[in-house]
Undergrad: 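Following this message is one structure expressed as structure tokens.
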Amino acid sequence: MSWNFALILFVLLVVTGIVWVLDVTVLRRRRAARGRAAVDAVDTRYVTDPQEATRMRQAALESATRVPWWVEYAVSFFPVIVFVFLLRSFVVEPFRIPSGSMLPTLQSGDLILVNKFSYGIRLPIVDKKIIDVGAPERGDVVVFRYPVDPDVDYIKRIVGLPGDEVAYLDKKLYINGTLVPHVRDGEYFEPDRVTYISQYKEKLGEIDHQILLDENKNQMIGPIWQFPNIGNCQYARNGVRCKVPEGHYFAMGDNRDNSADSRYWGFVPDENVVGKAFFIWMNFSNLGRIGSF
């Protein structure tokens with residue numbers, strides 16, 4: 001369990017919730033009792049002006065029933081924190097694209113929304129699935145916790161499903177022995193490398209998308225760590241062939257020559273899946289990026 005934003009939000013929810021309950025059940029009654037006692041204690045026997053007497057009682061009441069600042073802030077923010085926590089945990093969560101590994105689909109700086117219930121309802125913080133409503137499909141763009149470091153979120157496209165045999169050989173993708181064709185679709189300017197690179201159309205499952213691929217560039221593929229089920233993969237000079245284990249997925253970036261993905265660090269466990277990316281809600285350097293993809 002990492003000290004991340006979700007955990008911080010949960011702690012704030014618990015703290016403000018305790019204060020809110022305490023205020024509703026105990027503190028408000030005490031303030032009301034103090035207020036009544038303060039009003040009864042006001043001596044207006046020598047005050048001839050009725051308005052002045054009323055003002056004195058009101059001042060005493062306000063002073064006795066003043067809400068402490070920490071209670072006022074907690075009670076005010078509690079409903080907001082509840083809303084944000086539920087929205088972020090069960091509906092949608094925002095993420096920022098940090099690199100160009102998903103070019104041309106997603107650019108560095110894209111702020112995206114991720115559907116949290118597409119693949120099942122999970123308990124916040126512990127990420128345990130309690131209601132199974134679906135699973136990632138081939139071609140989905142998915143946010144998941146990086147298997148090498150679960151504190152880090154990654155985003156890639158699902159290429160292989162449980163039980164699939166995925167091969168990436170000589171820069172060609174094969175799924176269960178069948179070549180996934182890609183068709184040339186012009187060139188794309190890659191800002192990370194400040195150069196133009198070939199762009200292709202590809203279809204995975206029912207999803208048409210574009211990829212970047214430099215077929216003339218050498219690409220050495222090998223494991224960067226001894227990942228679980230590494231025995232399911234055979235590495236060669238021209239690529240890698242993997243059998244996806246049950247409960248896992250094989251994920252790749254659309255920028256095939258510049259993506260650290262399952263070819264290097266292994267499979268994505270189902271419990272690491274956060275949700276399905278579906279919408280770009282902002283890119284401050286290019287507002288034209290806003291929309292679905």
Side-chain angles (χ1 to χ4, degrees), residues 1-13 80-81 83-129 133-159 190-192 204 207 209-212 248-255 258-262 264-265 267-293:
M1 186 182 299
S2 60
W3 187 259
N4 51 28
F5 180 75
L7 183 57
I8 294 173
L9 192 65
F10 178 72
V11 171
L12 289 174
L13 176 68
V80 178
I81 294 174
F83 175 77
V84 173
F85 183 79
L86 293 177
L87 181 69
R88 190 179 184 276
S89 298
F90 301 111
V91 185
V92 294
E93 184 174 357
F95 288 89
R96 181 183 182 277
I97 303 301
S99 70
S101 69
M102 280 297 293
L103 287 171
T105 307
L106 295 170
Q107 296 181 3
S108 177
D110 283 346
L111 301 177
I112 64 170
L113 293 178
V114 173
N115 187 324
K116 298 296 291 287
F117 58 84
S118 292
Y119 307 138
I121 305 299
R122 297 177 183 269
L123 290 175
I125 309 301
V126 296
D127 290 320
K128 180 177 178 58
K129 185 182 291 187
V133 297
E137 297 180 358
R138 190 176 290 112
D140 286 357
V141 177
V142 172
V143 171
F144 54 89
R145 296 191 305 280
Y146 183 33
V148 180
D149 181 3
D151 291 345
V152 178
D153 292 315
Y154 262 40
I155 182 167
K156 304 292 179 185
R157 190 179 298 276
I158 297 298
V159 172
E190 186 179 349
D192 290 349
L204 287 172
I207 299 177
H209 61 281
Q210 295 169 313
I211 64 171
L212 300 183
H248 293 73
Y249 301 93
F250 194 95
M252 292 175 61
D254 290 346
N255 193 351
N258 291 280
S259 172
D261 48 42
S262 288
Y264 301 91
W265 43 251
F267 308 103
V268 180
D270 180 71
E271 59 265 24
N272 284 39
V273 174
V274 174
K276 180 180 180 181
F278 70 98
F279 190 79
I280 301 171
W281 65 271
M282 180 55 71
N283 185 309
F284 291 105
S285 61
N286 183 0
L287 296 180
R289 296 282 302 160
I290 297 174
S292 57
F293 57 88

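It should be emphasised that the depicted structure is a prediction, and the values quoted were computed from it without experimental measurement.
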Undergrad: Is it true that a side-chain atom of R138 and a backbone atom of R157 form a donor plus acceptor pair closer than 3.5 Å?
TA: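 Flag not set: sc R138 to bb R157 has no pair under 3.5 Å.
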Undergrad: Between atom OG of S108 and atom CG of L103, what is the distance when rounded to the nearest 0.5 Å?
TA: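 Reported to 0.5 Å precision, the distance equals 8.0 Å.
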Undergrad: Any chance you could lay out the side-chain contact (heavy atoms from CB on, under 4.5 Å) test for N283 and L111, step after step, and finish with the verdict?
TA: CA-CA 6 Å; N283 185 309; L111 301 177; over 6 Å; no
Undergrad: Working to the nearest 0.5 Å, report the span between CZ of F5 and CD1 of I8.
TA: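 F5 CZ to I8 CD1: 7.5 Å, rounded to 0.5 Å.
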Undergrad: Indicate the atoms forming the closest heavy-atom contact of A260 with W265, along with that distance.
TA: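 Closest pair (atom of A260, atom of W265, distance): O-NE1, 3.0 Å.
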Undergrad: How many angstroms lie between atom OG of S99 and atom OH of Y154, to the nearest 0.5 angstrom?
TA: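 Between atom OG of S99 and atom OH of Y154 there are 7.5 Å.
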Undergrad: Is it true that R122 and D270 have a side-chain N and a carboxylate O under 4.0 angstrom from each other?
TA: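 Yes, charged N to carboxylate O under 4.0 Å.
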Undergrad: Side chains of R145 and V274, heavy atoms from C-beta outward: is any pair under 4.5 Å?
TA: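 Side chain of R145 against side chain of V274, heavy atoms only: contact under 4.5 Å found.
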Undergrad: Mind checking whether H248 and F267 have parallel, tilted or perpendicular rings, split at 30° and 60°?
TA: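 Answer is perpendicular, since the angle exceeds 60°.
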Undergrad: Would you please name every residue forming a salt bridge (Lys or Arg N to Asp or Glu O under 4.0 Å) with D153, sequence neighbours left out?
TA: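 Scan of D153 (salt bridge (Lys or Arg N to Asp or Glu O under 4.0 Å), adjacent residues dropped) gives none.
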Undergrad: Judged by modelled atom types alone, do D254 and T105 share a side-chain donor-acceptor pair under 3.5 Å?
TA: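 Their side chains do contain a donor-acceptor pair, which is all the 3.5 Å distance test asks for.
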Undergrad: Give a yes or no on whether the backbone of G253 and the side-chain of S259 come within a donor-acceptor separation of less than 3.5 Å.
TA: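 Yes; at least one donor-acceptor contact below 3.5 Å.
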Undergrad: Shortest non-hydrogen contact from P104 to L212?
TA: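 Result for this residue pair: CD-CG, 3.6 Å.
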Undergrad: In terms of heavy-atom contacts, does CZ of F10 have more than 12 from other residues, nucleotides or ligands at under 6.0 Å?
TA: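 For F10, atom CZ is not crowded (no more than 12 foreign heavy atoms under 6.0 Å).
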Undergrad: For the residue pair N272 and P269, establish whether any side-chain heavy-atom pair is separated by less than 4.5 Å.
TA: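 Touching, per the 4.5 Å side-chain cut-off.
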Undergrad: Between I158 and E137, does a side-chain contact (heavy atoms from CB on, under 4.5 Å) hold up when you go through it step by step?
TA: CA-CA 7 Å; I158 297 298; E137 297 180 358; over 6 Å; no
Undergrad: By salt bridge (Lys or Arg N to Asp or Glu O under 4.0 Å), which residues pair with E93, not counting sequence neighbours?
TA: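 Counting only residues at least two positions away or on another chain, E93 forms a salt bridge (Lys or Arg N to Asp or Glu O under 4.0 Å) with R88, K116.
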Undergrad: Evaluate the side-chain proximity of M282 to L287: yes if any heavy-atom separation is below 4.5 Å, no if none is.
TA: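 Yes. Closest side-chain heavy atoms under 4.5 Å.
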Undergrad: Once you round to the nearest 0.5 Å, how far does CZ of F83 lie from CG of L13?
TA: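 One gets 14.0 Å once the value is rounded to the nearest 0.5 Å.
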Undergrad: Any sub-3.5 Å donor-acceptor pair from S262's side-chain atoms to A251's backbone N or O?
TA: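 Yes, the answer is positive, given that a donor and an acceptor are paired below the 3.5 Å cut-off.
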Undergrad: Under the salt bridge (Lys or Arg N to Asp or Glu O under 4.0 Å) rule, what pairs show up with a residue in residues 274-293, not counting sequence neighbours?
TA: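 Of all non-adjacent pairs touching residues 274-293, those that pass salt bridge (Lys or Arg N to Asp or Glu O under 4.0 Å) are D110-R289, D140-K276.
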Undergrad: Is any side-chain heavy atom of L106 less than 4.5 Å from a side-chain heavy atom of F293?
TA: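 Yes; the side chains approach each other to less than 4.5 Å.
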Undergrad: Please test F95 against I155 for side-chain contact (heavy atoms from CB on, under 4.5 Å), starting from the C-alpha separation and ending with a verdict.
TA: CA-CA 9 Å; F95 288 89; I155 182 167; over 6 Å; no
Undergrad: Which value, rounded to the nearest 0.5 Å, describes the distance between S101 atom OG and N258 atom CG?
TA: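 So the OG of S101 and the CG of N258 are separated by 9.0 Å.
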Undergrad: Assess the side chains of N255 and E190: does a donor N or O sit below 3.5 Å from an acceptor N or O?
TA: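 Yes, because at least one side-chain N or O of N255 sits under 3.5 Å from a partner of the opposite role on E190.
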Undergrad: When you look at F117 and V92, which way does the side-chain contact (heavy atoms from CB on, under 4.5 Å) test go after all the steps?
TA: CA-CA 8 Å; F117 58 84; V92 294; 5.8 Å; no
Undergrad: Taking all heavy atoms of V142 and all of Y119, pick out the closest pair and write down the distance.
TA: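 Heavy atoms only, the tightest pair is CG2-OH, 3.5 Å.
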Undergrad: Rounded to the nearest 0.5 Å, what's the gap from CD1 on I97 to CE on M102? Could you check?
TA: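 The distance works out to 7.5 Å.
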